[in-house]
2 protein chains.
Amino acid sequence: MYLVLSTEILGHEGGTRGYDAPMSTGARRPTGPRRVTISDVAELAGVSTAAVSRSFNGAERLPPSTVKRIHDAAAQLGWRPNATARAMKRAAAHTFGFILLRAPDLLGSDPFFPLFLAGLEPGLSADAYALMIRFVSTAEEEKNCYRDWVAEGRVDGFVLTDLRDDDYRLDLLAELNVPAVVAGDPGRSTPSSAVFHTTDGCIREMVDGWADRGHSRIAHVMGDPALLHARRRRDVWAAAMAARGLRTDLIAEGGFTEAGADQATRKLIAAENPPTAIFYGSDVMAAAGMRTLAELEVRVGVDIAIAGFDDVPLAPYLSPPLATIACDYRELGAEAAAILLEEVSRSHPRGRSARAGKRLELDGAFIARASYEIEPGPSSPRETSSSAA
Amino acid sequence: MYLVLSTEILGHEGGTRGYDAPMSTGARRPTGPRRVTISDVAELAGVSTAAVSRSFNGAERLPPSTVKRIHDAAAQLGWRPNATARAMKRAAAHTFGFILLRAPDLLGSDPFFPLFLAGLEPGLSADAYALMIRFVSTAEEEKNCYRDWVAEGRVDGFVLTDLRDDDYRLDLLAELNVPAVVAGDPGRSTPSSAVFHTTDGCIREMVDGWADRGHSRIAHVMGDPALLHARRRRDVWAAAMAARGLRTDLIAEGGFTEAGADQATRKLIAAENPPTAIFYGSDVMAAAGMRTLAELEVRVGVDIAIAGFDDVPLAPYLSPPLATIACDYRELGAEAAAILLEEVSRSHPRGRSARAGKRLELDGAFIARASYEIEPGPSSPRETSSSAA
DNA sequence: CTGAAAGCGCTTACAG
DNA sequence: CTGAAAGCGCTTACAG
């Protein structure tokens with residue numbers, strides 16, 4: 001924290017700059033030069049601290065010559081307004097919190113988190129907001145973190161992802177009465193704003209396309225049912241199937257993990273009437289399922305059609321290339337940032353919970369790659385493949 | 001930032017708690033209840049603010065009964081010490097910075113960032129340190145961010161990744177004189193500590209294994225040569241090749257991208273004497289290369305052997321499963337956190353740049369999956385595959 | 001052992 | 001237009 005007044009910073013005028021930094025102010029610090037403060041700049045520029053502050057906050061007008069003198073002095077001393085002191089005066093941390101409750105082993109393959117963050121953060125920092133991130137491992141820890149960060153004044157609002165069934169965080173946020181944006185469809189009215197991809201049409205398009213090609217046994221490997229988006233994908237798949245008069249009992253849980261997808265795939269293929277097509281709730285599950293299918297000697301793209309969800313960068317490089325539903329998670333992050341900034345700019349000291357939050361829907365897209373494009377044989381795929389032998 | 005004294009928080013004693021929160025203190029705020037402060041707690045508990053502070057900082061001893069009274073009062077009011085005020089007094093933000101200069105399109109498939117973060121953050125927050133993240137898109141922005149965050153007192157130190165050739169950040173950090181930990185091998189002595197995986201042995205094992213099987217034309221698709229780890233992988237591959245008396249001219253740049261890997265693979269296969277094995281500098285490039293090879297009708301695992309680097313979760317699910325070099329990036333993050341905390345705990349108000357930083361090396365592991373296991377045919381792979389026709 | 005008071009580094013009504 | 005002074009919410013020597 002101690003700013004070293006190196007000659008670099010002082011433009012090599014260290015010895016002759018006609019300014020002696022006070023070397024102690026009740027300093028109980030071990031050693032080291034003391035921090036440069038607004039007073040040092042004021043003194044060097046020959047103005048009051050108020051003038052320095054004003055010149056850095058732009059609101060009030062000062063003579064240009066004074067502003068220049070102050071800015072020169074600040075540059076010479078390498079001074080910038082201390083963010084902590086500023087935050088204290090303003091009673092705002094100028095920081096948002098992002099708390100993640102996630103199995104860490106899911107993070108390595110999940111395309112959502114890094115892209116969302118890469119979209120979110122630049123949007124916030126463009127407005128000088130910082131982002132504070134926390135990984136928690138239990139709901140208890142998570143709950144405490146939300147409360148603590150607000151009570152301690154660490155954050156001015158939150159970003160939420162991975163909405164869960166009956167998610168207590170929505171009510172918690174309402175109680176805490178802080179701005180928040182939910183990245184995901186809350187499925188109900190909430191005081192928090194929300195932004196999410198609407199992929200219902202994509203899933204319908206996928207199911208209808210398969211149905212049009214003659215598929216009737218279209219299975220679904222769903223993600224973790226505790227997650228709202230996993231349930232939503234399942235529900236839309238089921239509705240699309242029902243709309244075509246198709247049965248929806250070919251379903252298994254894959255929990256968004258590779259191992260789960262492997263088990264789910266085996267279960268589906270072992271069914272009396274195995275599917276001719278499988279819609280996996282994520283590309284990661286689809287990729288794992290592809291290997292399982294290969295092991296079971298069910299050829300993807302020949303005996304069975306599959307599709308995933310997310311459009312991970314590797315999806316086109318699988319063999320056959322994986323059909324999927326693409327969502328731009330970076331865009332989602334960027335929109336979340338914009339909404340959050342809008343939330344805080346409207347100051348609702350109270351009554352935030354009174355109004356309903358904004359809703360912004362983004363479009364997903366169905367991408368029909370080779371893994372999608374097969375027509376079911378006259379018999380089940382396994383019979384087909386054995387009849388070829 | 002305004003804490004709502006809801007009945008929830010007050011344990012439903014809101015009306016009869018015998019305590020009237022002062023409703024204004026020169027409050028110029030729009031509306032809303034004012035923030036609960038240490039004075040409110042002191043008043044309710046019938047002690048001084050000093051006592052409240054002490055009871056929350058543990059150092060000095062207070063009578064247990066007083067501590068209890070204070071803590072009860074704090075709980076009743078939902079008060080927690082304001083982090084900003086605390087930081088100001090302590091002249092420390094209790095926060096570390098993590099600034100990323102990265103092409104955002106690389107983030108979606110990169111296993112490093114999310115896992116590293118998932119290891120790093122819990123380590124820091126266990127010690128009540130926060131992590132501030134920033135994505136920048138130019139070196140200029142990056143440099144300013146380091147300087148600004150220190151000058152503004154936003155952070156107490158930094159985490160660095162993606163070390164570049166002749167990386168100016170190492171000197172910048174030394175100049176700024178703040179604690180830092182580098183995740184990666186700086187390749188030279190630096191005042192910052194560093195933690196990284198040593199994979200030289202893994203790469204040698206891979207090359208030697210191929211050489212032992214009779215491969216002599218082992219190519220390398222390297223990552224972005226601006227990055228130190230890409231260069232290191234190349235150098236170690238080249239040294240291992242040279243040690244076996246093998247030529248090192250079969251090399252191409254893939255830039256860590258799918259498209260780059262595609263181009264690099266085409267270039268290598270088009271060579272007069274194409275390789276019988278390819279070491280890709282990342283799994284993402286290897287996966288992309290696999291598709292290119294398939295398009296070129298060079299069969300991985302039959303005509304050519306390949307291996308990647310990173311061990312992404314999908315690696316075992318490619319076909320054939322991808323041999324690779326595994327590094328535990330979560331462990332790397334956890335170790336980086338530990339080192340950083342150790343750095344700040346030793347207070348070096350000056351002279352940080354005098355001593356050399358600590359070095360911690362972690363082990364990588366070579367994982368020989370099916371894509372690795374072929375022996376080269378008597379002729380080149382393309383001749384082999386055409387002679388089979 | 002406990003409290004009054006100074007001070008962390010700013011910002012901003014307020015007074016000149 | 002400009003500055004002196006109060007105050008943001010804490011912590012901590014210092015004095016009782």
Side-chain angles (χ1 to χ4, degrees), chain A residues 1-3 21-22 24-29 34-43 45-67 69-70 74 77-94 150-154, chain B residues 1-3 21-22 24-29 34-43 45-67 69-70 74 77-94 150-154:
Chain A
M1 272 299 311
Y2 286 81
L3 227 192
S24 77
T25 308
R28 206 153 316 288
R29 298 294 166 179
R34 65 174 269 282
R35 213 195 306 219
V36 177
T37 73
I38 195 172
S39 310
D40 302 326
V41 176
E43 191 177 338
V47 295
S48 68
T49 59
V52 176
S53 178
R54 284 181 191 119
S55 83
F56 271 80
N57 290 302
E60 337 226 349
R61 49 176 59 193
L62 298 173
S65 64
T66 308
V67 170
R69 220 168 58 245
I70 292 171
L77 298 176
W79 178 84
R80 306 223 21 177
N82 180 278
T84 305
R86 249 180 162 161
M88 183 141 126
K89 271 310 288 183
R90 295 184 173 160
H94 231 73
V150 169
E152 294 167 2
R154 284 187 195 273
Chain B
M1 271 300 311
Y2 286 82
L3 228 194
S24 77
T25 307
R28 207 154 316 289
R29 299 294 165 180
R34 65 174 269 280
R35 214 196 304 220
V36 177
T37 73
I38 195 172
S39 311
D40 302 325
V41 177
E43 191 177 339
V47 294
S48 70
T49 59
V52 176
S53 178
R54 283 179 192 122
S55 84
F56 271 80
N57 290 302
E60 337 224 350
R61 51 175 59 191
L62 298 172
S65 63
T66 308
V67 170
R69 222 169 57 244
I70 293 171
L77 298 175
W79 179 84
R80 306 225 18 179
N82 180 278
T84 306
R86 251 181 159 160
M88 183 141 126
K89 270 312 286 183
R90 295 184 172 159
H94 231 73
V150 170
E152 294 167 3
R154 283 186 195 274

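A, B, ... follow the sequence lines: proteins, then strands. Residue 1 opens every chain.
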Phosphate OP1/OP2 of dG9(C) contacted by T37(A) side-chain N/O (<4.0 Å): no
Nearest-neighbour nucleotide for the A85(B) side chain, dC10(D), dT11(C), dT2(C) considered: dC10(D)
d(CG, N82(B); C1', dC8(C)) in whole Å: 13 Å
Euclidean distance, atom CD1 of residue I38(A) to atom P of dA5(D) [Å, nearest integer]: 16 Å
Distance in angstrom units between R90(B) CZ and dC10(D) P, rounded: 12 Å
Phosphate-side-chain proximity, N57(B) and dT11(D), N/O vs OP1/OP2 below 4.0 Å: yes
Separation of dG9(C) C1' from R154(B) CZ (nearest whole Å): 14 Å
Closest listed nucleotide, where the reference is the side chain of M88(B) and the choices are dG9(D), dA5(C), dT2(C): dG9(D)
Heavy-atom closest contact (A93(B) atom, G153(B) atom, distance): CB-O, 3.4 Å
d(CD, E43(A); P, dG3(D)) in whole Å: 14 Å
Nearest heavy-atom neighbours spanning T84(A) and A87(B): CG2-CB, 3.7 Å
Presence of R54(B) side-chain N/O under 4.0 Å of dT2(C) phosphate oxygens OP1/OP2: no
Same-atom distance (C1') from dT12(C) to dG16(C), integer angstrom: 16 Å
Contacts of S53(B) that satisfy side chain to side chain donor-acceptor pair (under 3.5 Å) - sequence neighbours left out: N57(B)
Which atom of E152(A) lies closest to which atom of P81(B), heavy atoms considered: CG-O, 3.6 Å
Residue pair A42(B) / T49(B): nearest heavy atoms and the distance that separates them: CB-N, 3.7 Å
Heavy-atom pair with the smallest gap, counting every atom of M88(B) and A85(A): SD-CA, 3.4 Å
Whole angstrom value for the distance that separates P of dC10(D) from CZ of R86(A): 22 Å
Candidate pair I38(B) and F56(B), rule side-chain contact (heavy atoms from CB on, under 4.5 Å), full reasoning: CA-CA 11 Å; I38(B) 195 172; F56(B) 271 80; over 6 Å; no
Watson-Crick or G-U stems of DNA chain C, 3 or more pairs, under 3.5 Å, by first number: C:1-3 with D:14-16, C:5-12 with D:5-12, C:14-16 with D:1-3
Presence of R35(A) side-chain N/O under 4.0 Å of dC8(C) phosphate oxygens OP1/OP2: no
Whole-angstrom distance between dC14(D) and dC10(D), as gauged at atom P: 24 Å
Distance in angstrom units between W79(A) CH2 and dC10(C) C1', rounded: 8 Å
Donor-acceptor pair present, K89(B) side chain and dG7(C) base, under 3.5 Å: yes
Sugar-phosphate only, base, or nothing, as touched by A50(A) at under 4.0 Å among non-hydrogen atoms: base
Proximal nucleotide (of dG3(C), dC10(C), dA5(C)) relative to the V47(B) side chain: dG3(C)
Whole-Å gap separating P (dT11(D)) and NE2 (H94(B)): 12 Å
Exercise: identify the closest heavy-atom pair between R80(A) and A151(B): CG-CB, 3.5 Å
5' precedence on DNA chain C between A51(B) and S53(A) (nearest-nucleotide basis): A51(B)
